[in-house]
**Student:** 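A single structure is presented below for examination.
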Amino acid sequence: MTVPRFFRPAGLLAVASGMALLAHTATANAENSTDNLTRLELHATGTVQAAPDKLTARFRAESQNQSAASAQTGVNALVKKATDDAAKNADIKAAVLEYSVYENRPDKAKPYWTASQALSFSATDGQNLLPLAGQLQAQGLILEGLDWSLSDEKRQTLFLEAEKKAITDLKKQADTLATSLGLHVSRFARVNVSDQAYPHPMPMMLRAASAASQSDVVHYNPSSTAENQTVRADLRATVVLAP
């Protein structure tokens, strides 16, 4: 007796044929559904301006001596006096930064050591920080930069406002284009948000102040104007339109 190598009941063939037909129908419906939709790639921007709430002064304390130890002692004394003076005002935040010591070997002079350290002082009120800046200049610190900026908290608040403006603009664009095309907005398929702040005002570079006479440093404090800062939110979206 010979046994057939393949056995395919008629019922299984019918089921398989039915499943293939359903799959073909579902694919055709999906293609028809896609054909009825229009996708737009849109870009919108929201901007907000506000006065900065943070003033930062960047200093460098420097001491030179033929002894490395003496040069470092001089810098340490300048830094301690500066931070002690800043601590007298609760609005002023001090940060003691990079420290360096190196030897100088001039061609026609004795070698000497230079010790240097960077400091940063920030405050929400310039009336607190600017007098201190003048005082530190008088003590021999070099004021290298003075600039206004937005604190992280305020920048985040402004960004949320800018984001709302961008969303409003995005919806307006989508509705206008949909109406012009005789369609309506079905949904937003994708939205990407980026925070791009406009450049800060250039910091006022004050290296030249270190070359002024001691009497000038004592009698005049540095000045700085708090110019408005701009925060921008950029949105890019894919909008789906339908009949």
Side-chain angles (χ1 to χ4, degrees), residues 51-156 197-230:
D53 62 339
K54 182 179 179 181
L55 177 62
T56 301
R58 291 174 284 107
F59 282 89
R60 177 164 52 89
E62 190 172 278
S63 177
Q64 297 176 344
N65 198 287
Q66 292 183 349
S67 164
S70 297
Q72 293 177 85
T73 298
V75 163
N76 295 344
L78 286 172
V79 171
K80 184 179 187 307
K81 182 69 167 62
T83 53
D84 287 347
D85 290 342
K88 296 175 183 177
N89 191 316
D91 183 44
I92 299 176
K93 308 300 180 185
V96 181
L97 307 171
E98 298 85 1
Y99 190 101
S100 64
V101 181
Y102 56 92
E103 186 179 24
N104 303 269
R105 291 182 173 273
D107 292 337
K108 298 181 180 181
K110 293 182 178 180
Y112 62 92
W113 290 85
T114 298
S116 178
Q117 185 157 33
L119 300 93
S120 175
F121 301 91
S122 61
T124 59
D125 188 347
Q127 297 305 313
N128 291 325
L129 185 56
L130 292 175
L132 174 66
Q135 179 181 337
L136 297 182
Q137 280 182 307
Q139 293 173 7
L141 275 73
I142 302 171
L143 179 56
E144 295 191 317
L146 188 67
D147 61 281
W148 285 94
S149 63
L150 295 169
S151 64
D152 292 341
E153 296 79 8
K154 188 168 185 177
R155 179 172 294 281
Q156 180 61 26
Y198 285 175
H200 295 171
M202 290 298 292
M204 182 173 62
M205 300 308 294
L206 300 173
R207 285 183 180 274
S210 63
S213 67
Q214 190 69 10
S215 60
D216 290 337
V217 175
V218 171
H219 288 90
Y220 298 100
N221 294 328
S223 60
S224 179
T225 302
E227 299 181 0
N228 280 349
Q229 304 267 315
T230 302

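Count residues from 1 along the sequence.
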**Student:** Please round to the nearest 0.5 Å and tell me the distance separating atom OG1 of Thr83 and atom CZ of Phe121.
**Tutor:** 6.5 Å
**Student:** Which is it for Gln139 and Asp85 under the side-chain hydrogen bond (donor to acceptor under 3.5 Å, both in side chains) test, yes or no, and what are the steps along the way?
**Tutor:** CA-CA 11 Å; Gln139 293 173 7; Asp85 290 342; 2.9 Å; yes
**Student:** How close do Ser224 and Leu146 get, heavy atom to heavy atom, and via which atoms?
**Tutor:** CB-CD2, 3.8 Å
**Student:** Without swapping roles, check the side chain of Lys154 against the backbone of Ala51 for a donor-acceptor pair under 3.5 Å.
**Tutor:** yes
**Student:** Looking at CG of Leu143 and CG of Leu119, how far apart are the two atoms once the value is rounded to the nearest 0.5 Å?
**Tutor:** 11.5 Å
**Student:** How long is the straight-line distance from CG of Leu129 back to NZ of Lys54, given to the nearest 0.5 Å?
**Tutor:** 11.5 Å
**Student:** Compare every heavy atom of Pro52 with every heavy atom of Ser149, then report the nearest pair and how far apart it is.
**Tutor:** O-CB, 3.2 Å
**Student:** Please report the closest heavy-atom contact between Leu78 and Glu62, naming both atoms and the distance.
**Tutor:** CD1-O, 3.7 Å
**Student:** What pair of heavy atoms forms the shortest contact from Ala61 to Val79, and how long is it?
**Tutor:** CB-CG2, 4.0 Å
**Student:** Identify the two heavy atoms, one from Ala133 and one from Pro222, that lie closest to each other, and give their separation to 0.1 Å.
**Tutor:** CB-CG, 3.6 Å
**Student:** If only atom types and distance count, is the side chain of Gln117 paired as donor or acceptor with the main-chain N or O of Leu97 below 3.5 Å?
**Tutor:** yes
**Student:** With a 4.5 Å cut-off on side-chain heavy atoms, are Asn128 and Leu55 touching?
**Tutor:** no
**Student:** Is the shortest side-chain heavy-atom distance between Trp113 and Ser70 below 4.5 Å?
**Tutor:** no
**Student:** Rounded to the nearest 0.5 Å, how far apart are CD of Gln66 and CG of Asn104?
**Tutor:** 11.5 Å
**Student:** Checking the side chain of Gln72 only, and the main-chain atoms of Ala68 only, is there a donor and an acceptor separated by less than 3.5 Å?
**Tutor:** yes
**Student:** So which pairs with a foot in residues 89-104 pass salt bridge (charged side-chain N to carboxylate O under 4.0 Å, His left out), sequence neighbours left out?
**Tutor:** Glu103-Arg105
**Student:** If you define the side chain from C-beta out and look only at heavy atoms, does anything of Ile92 sit under 4.5 Å from Leu132?
**Tutor:** yes
**Student:** Locate the shortest heavy-atom distance separating Ala115 from Tyr99; write the atom from each residue and the value.
**Tutor:** CB-OH, 4.3 Å
**Student:** Measure the shortest side-chain to side-chain distance between Thr114 and Tyr102 over non-hydrogen atoms and say whether it is less than 4.5 angstrom.
**Tutor:** yes
**Student:** How long is the gap from CD on Gln64 to OG on Ser116, to the nearest 0.5 Å?
**Tutor:** 9.5 Å
**Student:** Enter the distance from Phe59:CZ to Leu141:CG here, rounded to the nearest 0.5 Å.
**Tutor:** 6.5 Å
